[in-house]
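What follows is one structure encoded as structure tokens, with my remarks underneath.
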Amino acid sequence: MKTVLISLKIFLFFTLLTGIVYPLLVTGIAQFVFPAKANGSFVVKGDKITGSELIGQQFNSPAYFSSRPSAVSYNPLPSGGSNYGLTNLKLKKFVDSCKIQFISFNHLDRMAGIPSEMVFMSASGLDPHISPEAALMQLGRIIKARNFNAAQEQKLRQCIRELTEAPQFLCLGEERINVLLLNLATDKIQ
Amino acid sequence: MTAQELIQVLLFFGVLICMTPLLGNYMYKVFSGEKHFMSYVLGWLEKLTYKFSGIQADEESNWKSYTFGLLLFNFIGFVFLFLMQRIQSFLPLNPAHLPNVSWQLSFNTAISFMTNTNWQSYAGETTLSYFVQMTGLAVQNFVSAASGIAVLLALVRGLSRKTTEKIGNFWTDLTRTTVYILLPLSVLFAIVLVGQGVVQNFKPYESIHTLSGAQQIIPMGPAASQIAIKQLGTNGGGFFNANSAHPFENPTPFSNFLEMLFLLLIPAALTYTYGKMVGSIRQGWTIFSVMLILLIAGLCISLYAEYSANPVFGHLRLMEGKETRFGIVNSVLWSTSTTAASNGSVNAMQDSLTPIAGMIAMINLMLGEIIFGGVGSGLYGMVVFIIITVFIAGLMVGRTPEYLGKKIEAFEVQMAIIAILLPNVVIQLFSAWASVSSFGLSGLNNAGPHGLSEILYAYSSAAGNNGSAFAGLNANTVFYNLTLGFGMLIGRFGVIIPVMAIAGSMGTKKTTPMSAGTFRTDNGLFIGLLIAVILIIGGLTHFPAISLGPLVEHLLMNAGMTF
């Protein structure tokens, strides 16, 4: 009986400590030190939130850089991947159709090597990044869709260079570029 | 593989090896009740816990009451978590107005978090409120991890003490682990994670219009605090469905590096603590070496498979189910580490790994979660294998087997065999049942041998208390929720109870001094023997099933076949 009482009391105590006090403490510190990040790293355009820097968006217009294919069409409720195994015929067909679509959409050579993230679905379905190569391959299409002149094209190339994130601390992760930020920057080019 | 990719792997293991003695030494001080720098900062909290709960901190008990306390405490946790989900809609902090959770899913989830498994048949952002996640799930993340360590501590005391029934006080072990180790590390880690972009707030889901004008509802919540403990406590249950692949859960390569490190940190450091507690740091490093060798071997095979071209996709880098910011190397390093440690969080979809990398992940689960394993549970699982190895070695040289100066007798070997067999029985029987029944097969997302892999993986994950999944499997059905639930229970307590019995029986034994004839358990020969025993037991049990799943899939994929 004594053990039952102790169990109940200590469970209650730890629920208060690790279930209420701990998250509140972390929230308090986080909101004070990193308010923007703790609240979702939102990107504001004009006076409206236009998305989160971390959550990818779908872009179908030829005037915008495309994101990766997504198993959830960039709907975060809920996030997730395709969970197709590599021997799944659906995956094979999907990748083949993505390849064809990417090549025709960007008017590329039929034999062009496509960055693989553009034909495979991400794990979260919300991957905000593509590789810089994938951005450069879409450059021609964007320029055409926006009727950019040579000066504007230079600015766009400059954007890609500036927004390319190197591996963190020079060694962690992959080189990548945030599609939403790149498209916002593209919109700003006069 | 490029040099930069290799550097990440080396850096990861370098930091892990360096942190092991540092944290190990600190934990030794905490567990043995010595003064350490945190006792000045948090000593009051430990005392407050005892006072509030009416605990006599210096009162030790025998193995049966220790186990009884542990089981009862875990059972209460289960009941609360179950009920909390059932009445979720009446509880606060539910801005998305999520409804009550079904009985079978609540049952599965409550067992899952109570057993340190964190198998998730649900998607966090569309199923559970902030309140249930933080005061239900996260609390279990802390205390299930602390329970695992408590079992380990009881076992270590049984091994290192002489002729006594007393193996410690469950409540003090639970309290010290939570207050001095899990809590401070989690606070620090959570704040660093927020600095990288992990969300931590109580705001409602944000409805926005994207740049292309579509509506997107972005979930929020107190994620960082939960992610910190889910990694540290080898729990692995994601706040969001995509787990640590979700950009809000793991936004940068640096957050990824830390999350990966923290999932192995405590299990690795415990080997050092173990060495100190049994009076020979060499014993600790021996176990560490066995774990590290098995982990790196698995990693090398997985990386080789992931970087190999295959006839289905040619020379495309296999980025299916992987995130751009992590790339292949971090995804595979994670998938190997998370299955070796009984963590189960993922930063890439296990289901979409190459058949061989998926197989390595599965083997890590099937070996019993002892390659670092869960906090506490990995090491006590490893001690079970050590007992078997010492026993076999004893048979070979014709001497009574001994470990740490104590005789290993029939009772210990029986208990060790039970602890090894029960999880394996779960994997084999339940997988067999699911793969011949319509309610089992209806959950599959992939046809062909990969379908069998999905089922095998699910029960291996449950029995090993890992929690990761070949997530294409739709497991939110009555059949899967119940069988996986019972699988997790057996995988947890079917090991804990025999281990506690071993602890009790070892404690009552005398210690014989080491002599020239003692079989050493801290040298290279023993490392080799132990690895061999682990692989032979695991191999004999699971090779037939693996050969029908991932192995045959690998061969068919290389023949260019799809299903």
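In what follows, chains carry the letters A, B, and so on, assigned in the order in which the sequence lines appear, proteins first and then strands, with residues in each chain numbered from 1.
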If you count heavy-atom pairs under 4.5 Å between each of [options] and chain B, which one has the most?
{"options": "Gln31(A), Gln58(A), Met121(A), His129(A)", "answer": "Met121(A)"}
{"options": "Leu89(A), Asn75(A), Asp127(A), Val26(A)", "answer": "Asp127(A)"}
{"options": "Asn39(A), Val43(A), Leu126(A)", "answer": "Asn39(A)"}
{"options": "Gly81(A), Ala30(A), Ala38(A), Gly40(A)", "answer": "Ala38(A)"}
{"options": "Ser41(A), Cys171(A), Gly80(A)", "answer": "Cys171(A)"}

Measure the spacing between [atom1] of [X] and [atom2] of [Y] and express it to the nearest 0.5 Å.
{"X": "Leu211(B)", "Y": "Leu181(A)", "atom1": "CG", "atom2": "CG", "value": "10.5 Å"}
{"X": "Ile55(A)", "Y": "Ile217(B)", "atom1": "CD1", "atom2": "CD1", "value": "13.0 Å"}
{"X": "Leu5(A)", "Y": "Ile55(B)", "atom1": "CG", "atom2": "CD1", "value": "11.0 Å"}
{"X": "Glu165(A)", "Y": "Arg325(B)", "atom1": "CD", "atom2": "CZ", "value": "10.5 Å"}
{"X": "Glu553(B)", "Y": "Leu86(A)", "atom1": "CD", "atom2": "CG", "value": "7.0 Å"}
{"X": "Ser207(B)", "Y": "Ile49(A)", "atom1": "OG", "atom2": "CD1", "value": "10.0 Å"}

Atom [atom1] of [X] with >12 non-hydrogen neighbours under 6.0 angstrom:
{"X": "Leu10(B)", "atom1": "CG", "result": "yes"}
{"X": "Arg161(A)", "atom1": "CZ", "result": "yes"}
{"X": "Phe75(B)", "atom1": "CZ", "result": "no"}

Judged by modelled atom types alone, do [X] and [Y] share a side-chain donor-acceptor pair under 3.5 Å?
{"X": "Ser79(A)", "Y": "Asn241(B)", "value": "no"}
{"X": "Asn83(A)", "Y": "Asn445(B)", "value": "no"}
{"X": "Glu323(B)", "Y": "Ser124(A)", "value": "yes"}
{"X": "Thr324(B)", "Y": "Glu174(A)", "value": "no"}
{"X": "Gln200(B)", "Y": "Thr27(A)", "value": "yes"}
{"X": "Gln4(B)", "Y": "Glu175(A)", "value": "no"}

Derivation and outcome, side-chain contact (heavy atoms from CB on, under 4.5 Å), residues Val187(B) and Tyr22(A): CA-CA 7 Å; Val187(B) 171; Tyr22(A) 161 67; 3.7 Å; yes

Check against side-chain contact (heavy atoms from CB on, under 4.5 Å), Ile218(B) and Phe42(A): CA-CA 10 Å; Ile218(B) 299 179; Phe42(A) 284 125; 3.8 Å; yes

Could you check which of [options] has the highest count of heavy-atom pairs closer than 4.5 Å to chain A?
{"options": "Ala214(B), Ser53(B), Ala223(B)", "result": "Ser53(B)"}
{"options": "Thr562(B), Ile191(B), Leu45(B)", "result": "Thr562(B)"}
{"options": "Thr127(B), Ile328(B), Leu137(B), Thr175(B)", "result": "Thr175(B)"}
{"options": "Ala447(B), Ala138(B), Gly54(B), Gly195(B)", "result": "Gly195(B)"}
{"options": "Phe68(B), Phe257(B), Phe326(B), Phe248(B)", "result": "Phe248(B)"}
{"options": "Val143(B), Thr252(B), Asn330(B)", "result": "Thr252(B)"}

Ring centroid separation Phe14(A) to Phe142(B) under 6.0 Å: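 No, ring centres 6.0 Å or more apart.
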
Heavy-atom cut-off 4.5 Å, strictly under: side chain, backbone, both or neither for [X] against chain A?
{"X": "Val198(B)", "result": "backbone"}
{"X": "Glu5(B)", "result": "side chain"}
{"X": "Thr210(B)", "result": "both"}
{"X": "Phe80(B)", "result": "side chain"}
{"X": "Ala471(B)", "result": "both"}
{"X": "Thr178(B)", "result": "side chain"}
{"X": "Glu249(B)", "result": "neither"}
{"X": "His246(B)", "result": "both"}
{"X": "Gln133(B)", "result": "neither"}
{"X": "Gln140(B)", "result": "side chain"}
{"X": "Asn141(B)", "result": "neither"}
{"X": "Lys203(B)", "result": "side chain"}
{"X": "Tyr205(B)", "result": "side chain"}
{"X": "Leu556(B)", "result": "neither"}

So, [X] side chain and [Y] main chain: donor-acceptor pair closer than 3.5 Å or not?
{"X": "Gln216(B)", "Y": "Gly51(A)", "value": "no"}
{"X": "Ser116(A)", "Y": "Arg317(B)", "value": "yes"}
{"X": "Gln57(A)", "Y": "Ser212(B)", "value": "no"}
{"X": "Lys37(A)", "Y": "Gln196(B)", "value": "no"}
{"X": "Tyr84(A)", "Y": "Ser352(B)", "value": "no"}

For Phe11(A) against Gly77(B), the heavy-atom pair lying closest together: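 For Phe11(A) versus Gly77(B), the nearest heavy atoms are CE1-CA, 3.5 Å.
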
Heavy-atom contact with chain B under 4.5 Å, split by part of Lys93(A):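 Contact with chain B involves no heavy atom of Lys93(A) at all.
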
Flag side-chain contact, heavy atom, 4.5 Å: Trp171(B) against Ile10(A):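 Yes, their side chains come closer than 4.5 Å.
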
Side-chain touch Asn256(B)/Leu172(A), heavy atoms, less than 4.5 angstrom: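 Answer no - side chains too far apart.
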
Steps toward side-chain contact (heavy atoms from CB on, under 4.5 Å) verdict (Ile208(B), Thr50(A)): CA-CA 6 Å; Ile208(B) 57 135; Thr50(A) 183; over 6 Å; no

Geometric class of the Phe120(A)/Phe313(B) ring pair [parallel <30°, tilted 30-60°, perpendicular >60°]: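 Ring orientation, 0 to 90° scale: perpendicular.
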
